Number of protein chains: 2
Amino acid sequence: MNHQQMDKRKLRGENSKQKIIQSAKLLFVEHGFKDTTISLISKTAETAYGTVYTHFPGGKDEIFLNIMDEILDRFYLIADMNFVVTSKEESLTFTRNNIKSFLDLALEHQQILKVFHEAIGLSHIINQKWSTFVNNYISKIAENIELAKVRGLTREEAIDSEIIAGMLFFTGEKYMWKIALRSTNKEVETISENLAKMYVNGLYK
Amino acid sequence: MNHQQMDKRKLRGENSKQKIIQSAKLLFVEHGFKDTTISLISKTAETAYGTVYTHFPGGKDEIFLNIMDEILDRFYLIADMNFVVTSKEESLTFTRNNIKSFLDLALEHQQILKVFHEAIGLSHIINQKWSTFVNNYISKIAENIELAKVRGLTREEAIDSEIIAGMLFFTGEKYMWKIALRSTNKEVETISENLAKMYVNGLYK
DNA sequence: AAAGAAGTTGATATAATGTCAAAATCTTTT
DNA sequence: AAAAGATTTTGACATTATATCAACTTCTTT
């Protein structure tokens with residue numbers, strides 16, 4: 001028999017892998033990225049030190065990326081929301097809602113995002129993962145700005161779409177981290193409203 | 001005799017300290033923050049490992065902060081440029097110039113800022129140092145926005161000064177790091193112009 | 001000249017990472 | 001069903017970095 005269900009080794013392996021992921025999840029949230037050692041993870045997962053490396057050759061970074069993957073997917077869903085500009089008013093509504101979705105997601109995953117923030121500073125590979133997302137998001141916004149330019153909706157023709165897009169995104173991102181680190185007491189609504197208004201008033205006629 | 005110049009021990013100590021700082025400066029720029037080890041610094045400075053810790057009990061972090069101090073002072077000079085709003089036009093000019101000064105400074109100190117960026121992610125104390133600067137700068141901008149509000153120059157009364165200030169500062173900061181990391185080919189002028197225009201058009205009547 | 005202070009030295013304790021050969025467990029082949 | 005082969009587990013080991021500290025050297029004061 002060649003069925004997967006019959007292969008006890010694969011099953012045992014998958015079980016170890018899951019125990020490692022689940023333990024790591026708890027430990028990361030409790031102790032942060034740096035202070036969660038492979039040794040601690042292996043003990044909590046009730047497995048040997050070396051086992052962690054057979055399942056995650058990339059060590060802690062790879063474990064964490066594995067944990068972050070599903071959350072990142074949800075961020076991509078927001079970044080990929082399609083929008084085609086037709087008017088300043090519509091743009092305001094869309095922008096406000098988009099920022100709000102983004103920050104609500106941050107609120108929902110506050111604990112792990114705090115760890116993510118720490119990990120971005122400590123791990124090059126994790127940093128790259130986030131950079132890819134950032135660049136994607138900014139490109140989408142910039143595309144929309146270009147479209148608005150072509151349609152004659154913007155104040156000026158000479159603006160640099162990427163820089164303007166960055167102005168919106170980077171500030172939203174900063175507030176995302178502030179929410180994750182609990183270093184702001186501003187409401188998601190307040191932030192979305194202010195950013196969206198400034199963006200739209202600055203950009204559109 | 002109790003003169004400082006006569007105390008050979010103090011002199012020797014100060015000499016060691018300077019050799020450590022100068023060696024560290026070169027090594028940080030060459031190898032980055034993490035890969036510049038205390039061991040390497042002590043060897044380059046032609047001193048013993050332990051000597052580094054007598055002069056810098058805080059280790060690498062303290063050495064780096066020592067190096068950054070004079071550069072941070074120059075950033076504070078820009079943050080402390082006084083400006084009192086009287087009109088939208090004046091604000092545009094001031095904002096544009098302020099951002100430009102900021103980014104020019106980044107360009108001037110590109111190499112060490114790259115290390116600084118890495119160090120912020122790795123050292124809590126270095127991170128705090130920068131945070132203090134950031135909060136200072138944002139407060140200054142926010143004060144000006146409040147003033148503009150009172151003078152009836154802004155589009156709306158209901159805006160949150162801190163968030164709007166953040167929009168300007170955080171984007172400027174991001175481009176500062178991009179310049180340090182050489183991850184943008186945009187001109188300082190282009191960036192300043194775009195940010196200043198968006199800021200002023202978004203905020204003022 | 002002796003006592004004391006300041007700075008230097010490098011060995012040592014500690015802690016984390018990643019690797020690997022041997023062992024254990026399970027599957028396939030003969 | 002025994003042997004051979006494949007997969008996973010194990011924990012000891014090599015490596016590397018940090019921070020500490022007692023002994024030592026150098027200089028100053030008594």
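Every chain is numbered from 1, with letters handed out A, B, ... down the list of sequences. Predicted model only: the values in this text are computed from it and were never measured.
- For Leu122(A) and dA16(C), the CG to P distance is 14 Å, given to the nearest whole Å.
- Atom P of nucleotide dT28(D) and atom NZ of Lys8(B) are separated by 7 Å, given to the nearest angstrom.
- For Asp7(A) and dT8(D), the CG to P distance is 8 Å, given to the nearest whole Å.
- Residues from residues 31-63 of chain A with heavy atoms under 4.0 angstrom of DNA chain C, sorted by number: Thr37(A), Ile38(A), Tyr49(A), Tyr53(A), Lys60(A).
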Side chains of residues 108-116 of chain A: which donor-acceptor pairs under 3.5 Å do they make with residues two or more places apart or in other chains?
{"residue": "Glu108(A)", "atom": "OE1", "partner": "Arg74(A)", "partner atom": "NH2", "Å": "3.4"}
{"residue": "Glu108(A)", "atom": "OE2", "partner": "Arg74(A)", "partner atom": "NH1", "Å": "2.9"}
{"residue": "Gln110(A)", "atom": "OE1", "partner": "Arg182(A)", "partner atom": "NH2", "Å": "3.2"}
{"residue": "Gln110(A)", "atom": "NE2", "partner": "Ala180(A)", "partner atom": "O", "Å": "2.7"}

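- Between the side chains of Tyr137(B) and Asn98(B), a donor-acceptor pair is found at a separation under 3.5 Å.
- Between Asn15(B) atom CG and dC27(D) atom C1' there is a gap of 15 Å when expressed in whole angstrom units.
- The closest side-chain donor-acceptor pair between Ser39(A) and Tyr49(A), if any, does not fall under 3.5 angstrom.
- Between Thr190(A) and Asp160(B), the side chains place no donor N or O within less than 3.5 Å of an acceptor N or O (distance only, hydrogens not considered).
- A donor-acceptor contact under 3.5 Å is formed by the side chain of Arg9(B) with the base of dA5(C).
- Here dT18(D) presents its P atom at 19 Å from NE2 of His124(B), a figure rounded to the nearest Å.
- For the residue pair Tyr175(B)/Thr184(B), the side-chain donor-acceptor check at 3.5 Å is not satisfied.
- Using cut-offs of 30° and 60° on the angle between ring planes, the pair Phe75(A) and Trp130(A) is perpendicular.
- Atoms CD (Glu14(B)) and C1' (dA6(C)) sit 14 Å apart, rounded to a whole Å.
- The separation between Lys10(A) atom NZ and dT9(D) atom P is 12 Å, rounded to whole Å.
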